Amino acid sequence: GESVGLHLPTLSVQEGDNSIINCAYSNSASDYFIWYKQESGKGPQFIIDIRSNMDKRQGQRVTVLLNKTVKHLSLQIAATQPGDSAVYFCAEIPRFGNEKLTFGTGTRLTIIP
Amino acid sequence: EPEVTQTPSHQVTQMGQEVILRCVPISNHLYFYWYRQILGQKVEFLVSFYNNEISEKSEIFDDQFSVERPDGSNFTLKIRSTKLEDSAMYFCATTGAIRNTGELFFGEGSRLTVL
């Protein structure tokens, strides 16, 4: 069945360091994988997506890596800032043409000043 | 920057009462969604809506739930007879993308507390 889960519920990183947030998924037929950021009291905010036929995609200070062999997704945030403190969710679109996002349980990232 | 706006920000209701949560999508967006998040848990899909009809719904979205876009702007979620377990944050999300790549624009949510 569909499931998306995270390895760690919390992660603390020193300001300025790089952070890596990991996610495992089980549905090998998923079409897109997405990372969202949710700050306290706010709705999820899109960060970056990656299609299943890619293994790496870069954005501004973020990189998403997809390893389909082990069904693993990661989000790397470079030079973390206090504003990066949030809960990070990975999500997937289970199959082409599907409307829904299936979210994982989230990792709370805390940036230590 | 355009944003999705939701009202009310917080609603407290008695079990069995009807509630309507409202969303104003980003103006040129055509695809609308409701998600919910029970406190401390993950975000769950409820329903997607396009061209004035439901395109997909989850098992959570039973007969007690309905959606509509009554005036062409507001997108509403109605819970006919609330239960304690309906207490959650409800997020409206929209996109203008023809193909769903997962980039949705979420509102700030409506917190529903059922007593």
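Here is how names work: the chains are called A, B, and so on, in the same order as the sequence lines, proteins then strands, and each is numbered from 1. What you are looking at is a predicted structure, and each value in this text was computed from that prediction instead of being measured.
Tested against A:V64, the residues A:I47, A:L73, A:I34 include a single side-chain contact (heavy atoms from CB on, under 4.5 Å) partner, A:L73.
A:D55 and A:K68 are not joined by a salt bridge, as no carboxylate oxygen comes within less than 4.0 angstrom of a charged side-chain nitrogen. Between A:R57 and A:D49 there is a salt bridge, with a side-chain nitrogen of the basic residue lying less than 4.0 Å from a carboxylate oxygen of the acidic one.
When each of B:M89, B:E44, B:Q41, B:Q37 is checked for heavy-atom pairs under 4.5 Å with chain A, B:Q37 comes out on top.
Taken from CZ in B:F105 to CD in A:Q45, the straight-line distance is 9.5 Å, to the nearest 0.5 Å.
Heavy atoms of A:F33 lying under 4.5 Å from chain B are absent altogether. Only the side chain of B:Y35 comes within contact range of chain A, with at least one heavy atom under 4.5 Å from a heavy atom of that chain.
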